[in-house]
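A quick write-up on the structure given underneath.
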Amino acid sequence: MIDLDDEERELRESYDRGEWESVHDLVAEKARYTGYAREALRKDKRLNLRISSRDLEALQKRAVEEGLPYQTLAASILHKYVSGRLQERNG
């Protein structure tokens, strides 16, 4: 038996419960979701803002931890906030 982590175990249990469905036209579905991703990631406007040096340094540090440029991390945070998907962590 393979040792699964929690996420893998959850996926396996979901599959075993029959919660997964086959995609009938995989090529079309991939194209559709590729289009969604391309549109969501398209950067067609520029934003200039001023923030404290302490906040910028913290953002840059977090970006290094995430392996991202800090501008990309900032854009991701803003996108999640405006789309209602930014969630606070307690603790």
Side-chain angles (χ1 to χ4, degrees):
M1 181 96 188
I2 298 173
D3 188 29
L4 303 176
D5 66 23
D6 290 341
E7 183 179 7
E8 293 168 330
R9 197 173 305 107
E10 184 179 320
L11 288 171
R12 177 59 187 251
E13 290 169 0
S14 173
Y15 177 80
D16 290 343
R17 287 190 301 266
E19 297 175 345
W20 294 50
E21 294 182 22
S22 294
V23 175
H24 298 291
D25 188 350
L26 182 59
V27 173
E29 284 295 295
K30 284 176 73 173
R32 182 165 70 115
Y33 282 97
T34 298
Y36 292 158
R38 185 172 289 119
E39 187 62 29
L41 297 173
R42 185 172 54 111
K43 294 174 176 62
D44 58 351
K45 297 289 183 183
R46 179 179 295 272
L47 169 69
N48 294 314
L49 69 143
R50 292 187 154 318
I51 63 174
S52 72
S53 58
R54 185 175 5 154
D55 286 344
L56 179 58
E57 289 169 6
L59 179 66
Q60 290 171 327
K61 180 181 177 189
R62 181 64 64 97
V64 167
E65 292 169 0
E66 298 292 327
L68 297 169
Y70 74 92
Q71 298 96 331
T72 302
L73 179 59
S76 174
I77 292 167
L78 288 170
H79 175 74
K80 287 176 183 177
Y81 178 77
V82 300
S83 64
R85 296 183 316 150
L86 187 65
Q87 297 182 5
E88 290 186 48
R89 284 191 281 187
N90 293 330

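No experiment lies behind these values; they were computed from the predicted model shown. For this chain, numbers begin at 1 and follow the sequence in order.
The number of heavy atoms from other shown groups lying within 6.0 Å of CD (Gln87) does not exceed 12. Dense packing is recorded around CD of Glu19, with more than 12 heavy atoms of other residues, nucleotides or ligands lying under 6.0 Å away. More than 12 heavy-atom neighbours from other residues, nucleotides or ligands sit within 6.0 angstrom of CZ on Arg9. The number of heavy-atom neighbours closer than 6.0 Å to CZ of Arg32, taken from other residues, nucleotides and ligands shown, is above 12. For Glu10, the CD atom is loosely surrounded, since the number of other residues' heavy atoms within 6.0 Å does not exceed 12. More than 12 heavy atoms of other residues, nucleotides or ligands sit less than 6.0 Å from atom CZ of Arg17.
Between Glu57 and Arg54, none of the side-chain N atoms (NZ, or NE/NH1/NH2) sits under 4.0 Å from a carboxylate O, so this pair counts as no salt bridge.
For the atom pair CD of Gln60 and CG of Leu56, the computed distance is 4.0 Å after rounding to the nearest 0.5 Å. Distance check: His79 NE2 to Leu86 CG gives 11.0 Å after rounding to the nearest 0.5 Å.
Taking every heavy atom of both residues into account, Asp3 and Glu8 meet most closely at O-OE1, 4.3 Å. Nearest heavy atom pair, residue Ala74 against residue Leu59, reads CB-CD2, 3.9 Å. In plain terms, the two heavy atoms of Ser14 and Trp20 that are nearest each other are OG-NE1, 3.0 Å.
For the side chain to side chain donor-acceptor pair (under 3.5 Å) test, no residue two or more places apart in sequence or in another chain qualifies with Ser22.
By the rule that hydrophobic residues join a cluster once side-chain heavy atoms approach within less than 4.5 Å of another member, Tyr70 and Val64 end up as members of separate clusters. Hydrophobic clustering, with ILVMFWY side chains joined whenever heavy atoms are under 4.5 angstrom apart, groups Leu47 together with Ile77.
Put simply, the side chain of Glu29 does not reach to within 4.5 Å of the side chain of His24, judged on heavy atoms.
Sorted by first and then second residue, the ring pair (Phe, Tyr, Trp, His ring centres under 6.0 Å) pairs involving residues 33-61 (not counting sequence neighbours) are Tyr33-Tyr36.
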